[in-house]
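In what follows, a single structure is set out as structure tokens and then discussed.
Only heavy atoms go into these numbers, but all of them, side chains included; no hydrogens, no water, no symmetry mates.
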Amino acid sequence: MFKKVIFFALNDTFDFDQIGGTDSYMRRLSRLLIGLGLEVVWVFYGSEKYSKVSCEGVSVVKFESFQDALKYTISGGDSYLVACFLKPLDRFRMIKYRTVFRKHRIKLLSLSFFFPDTFVKKLLRMLELKLVKYDDVLCVSKRLYRFNKGIIDNSHYLPPIIPDSYFNVGFLKLSNKDKEKVVKALFLGRLDPRKGINEVISVIESDTLTKQIRWTVSGIYIPEDPGNIAALNRLKACDNVTFNQENRGAFSENVENRVLNFFLNNDIFIQPYRTLASTVDLPLLLLEAQAAGCTTLTTLPEVLNNYLYDKSEAIGGDFVTQCINRLNGMTANPMAFCLDEDGLVSLQLEYSEKSIEKRLREILNG
């Protein structure tokens, strides 16, 4: 096993101070690698100017050009070079460096976050895998693993890490079940129509939904994203919603604690994705919510049912109507919809830091 891991990416695709699934995945994976005694470096290209800082023990180096960034990654030798987010043309530019990588004892890996959802994207990915010839391909979701494994044999499923703090909340809630409790529902994430915020608001506004539900929405407001302003205005008009607004570029431990507190104080988590094109192909929030003891309602059953446990469900068809029916049923019998211990244990076996560490050791030692 080499002693250095370099993550190579286009600037602004992820960062330590951003809130998002990709950012959380990279922070947690990097902490795990540091815990294993490896040096971790994030190298970005496409920055306005060169910079170098240290964040939580990770060296973050930013370059203006792809060429300068790649030259830096090669200079140290004896390392794992993990291509994360590169421009399409830049991924193919890696082909001519294969001999250089071997000479400098560098293993080239690919970290795959997004599923190629069109014929052209699938074709480009197939050509990339065939021509670049990565030493290993890391896949954050099961369908990404199946897709990549069909092209290149040395593909591996490396799902996100769910920290123990989330499971601690889940087991605490199991030990404090209250048969008379009011059902409390939560939406947490970007106020982005692609992530289903409009469907959630439609459920909240519905005259057919029981009034016994307490609602919390914690939203990341990005005015540049289409539909954010309209969603925010609709939410502000809902007098039955406790609303919290987060700044996407202001991640801190306090943000993580607020997320844990929202999960602790709610029973149902609702995240009706229209598409996974705008998020990690295995959405972290679905796992985090369930680990923290929230029954989860989402969409895209053909993809997301693979990651749901116990009473959680991916709803197909008319989400708003079916969600209202589920919530009305939950208020009639709250205990029948609580996540149970078996589901929580299964999640822990699959996504805990200990489980991901074992997978990672096998990949790096392979």
Side-chain angles (χ1 to χ4, degrees), residues 19-21 24 160 162-163 165-174 176-177 181-192 194-204 209 212-220 235 240-244 246 255-274 276 279-280 282-301 303-315 319-320 322-331 334-340 343-344 346-348 351:
I19 301 173
S24 292
I162 306 303
S165 53
Y166 288 83
F167 294 107
N168 292 340
V169 168
F171 285 113
L172 176 63
K173 289 166 75 171
L174 278 176
N176 292 324
K177 284 185 177 179
K181 67 181 178 182
V182 175
V183 172
K184 291 165 283 187
L186 168 70
F187 172 90
L188 191 153
R190 279 162 53 186
L191 301 179
D192 185 334
R194 293 172 298 177
K195 296 181 184 291
I197 184 59
N198 289 332
E199 285 78 5
V200 171
I201 298 172
S202 293
V203 171
I204 294 171
L209 180 69
Q212 298 176 43
I213 297 175
R214 295 178 187 170
W215 286 95
T216 299
V217 173
S218 180
I220 301 170
L235 277 170
N240 59 336
V241 174
T242 299
F243 179 68
N244 171 68
E246 293 284 1
V255 172
E256 191 94 53
N257 290 336
R258 278 198 294 276
V259 170
L260 284 166
N261 195 55
F262 284 131
F263 286 142
L264 173 63
N265 290 295
N266 286 278
D267 313 296
I268 313 298
F269 178 68
I270 302 177
Q271 189 87 68
Y273 294 97
R274 289 186 182 177
L276 297 183
T279 188
V280 175
L282 197 179
L284 273 70
L285 280 169
L286 299 185
L287 301 178
E288 291 170 345
Q290 292 177 96
C294 291
T295 299
T296 298
L297 298 178
T298 187
T299 50
L300 309 177
V303 178
L304 295 179
N305 267 335
N306 288 317
Y307 312 112
L308 301 179
Y309 294 78
D310 196 32
K311 312 300 190 307
S312 295
E313 183 181 0
I315 297 171
F319 178 83
V320 173
Q322 293 190 61
C323 184
I324 290 169
N325 292 338
R326 303 294 195 284
L327 291 172
N328 286 340
M330 290 174 185
T331 57
M335 296 307 295
F337 292 89
C338 291
L339 194 68
D340 65 20
L344 208 49
S346 296
L347 270 160
Q348 198 170 33
Y351 303 107

Completion exercise
Taken in chain and number order and not counting sequence neighbours, the residues that satisfy side chain to side chain donor-acceptor pair (under 3.5 Å) with Q271 are none

Exercise for the section: Check whether any side-chain heavy atom of L191 sits under 4.5 Å from a side-chain heavy atom of L235, and report yes or no. Expected result: yes

Practice task
Might you point out which heavy atoms bring A185 and I213 nearest each other, and give the distance in Å?
Solution key: CB-CG2, 3.9 Å

Exercise for the section: For Y166, enumerate each residue passing the ring-ring contact (aromatic ring centres under 6.0 Å, His included) test, keeping only those at least two apart in sequence or located in another chain. Expected result: none

Completion exercise
Contacts of T299 meeting side chain to side chain donor-acceptor pair (under 3.5 Å) (sequence neighbours excluded), chain-then-number -> none

Problem - Test side-chain contact (heavy atoms from CB on, under 4.5 Å) applied to N265 and T216, step by step - result: CA-CA 10 Å; N265 290 295; T216 299; over 6 Å; no

Problem - Any residue meeting side chain to side chain donor-acceptor pair (under 3.5 Å) with R214, in chain and number order, not counting sequence neighbours - result: none

Problem - Any donor-acceptor N/O pair, T331 side chain to N328 backbone, under 3.5 Å - result: yes

Practice task
Please test C294 against K173 for side-chain contact (heavy atoms from CB on, under 4.5 Å), starting from the C-alpha separation and ending with a verdict.
Solution key: CA-CA 9 Å; C294 291; K173 289 166 75 171; 3.4 Å; yes

Problem - Rounded distance (nearest 0.5 Å) linking atom CG of L308 with atom OG1 of T296 - result: 7.0 Å

Exercise for the section: Tell me, please, which residues at least two apart from Y351 pass ring-ring contact (aromatic ring centres under 6.0 Å, His included). Expected result: none

Problem - Where I270 and F187 come nearest, the two heavy atoms and their spacing - result: O-CD1, 3.3 Å

Practice task
Mind listing the closest non-hydrogen atom pair of L284 and G21 along with its distance?
Solution key: CD2-O, 3.7 Å

Handout entry: Nearest atoms (heavy-atom pairs only) where P301 meets I315
Key = CD-O, 3.9 Å

Exercise for the section: Any chance you could lay out the side-chain hydrogen bond (donor to acceptor under 3.5 Å, both in side chains) test for Q290 and S312, step after step, and finish with the verdict? Expected result: CA-CA 8 Å; Q290 292 177 96; S312 295; 3.2 Å; yes

Practice task
Could you tell me the separation between the CG atom of L300 and the CG atom of N306, rounded to the nearest 0.5 Å?
Solution key: 12.0 Å

Completion exercise
Rounded to the nearest 0.5 angstrom, the OG-CG distance for S202 and L209 is 11.5 Å

Exercise for the section: Assess whether side-chain contact (heavy atoms from CB on, under 4.5 Å) is satisfied between Y273 and L286, documenting all intermediate values. Expected result: CA-CA 11 Å; Y273 294 97; L286 299 185; 4.2 Å; yes

Problem - Under the side chain to side chain donor-acceptor pair (under 3.5 Å) test, residues paired with E313 that sit two or more places apart - result: R326

Exercise for the section: Work out which heavy atom in V169 is nearest to a heavy atom in A292; give both atom names and the distance. Expected result: CG1-O, 3.7 Å

Practice task
Working to the nearest 0.5 Å, report the span between OG of S165 and CD of E288.
Solution key: 8.5 Å

Handout entry: Nearest-0.5 Å distance, CD1 of residue I201 to CH2 of residue W215
Key = 10.5 Å

Handout entry: Point-to-point distance, once rounded to the nearest 0.5 Å, from CG of N261 to CZ of F263
Key = 11.0 Å

Practice task
Would you name the heavy atoms of L344 and F167 that are closest together and state the gap between them?
Solution key: O-CE2, 4.1 Å

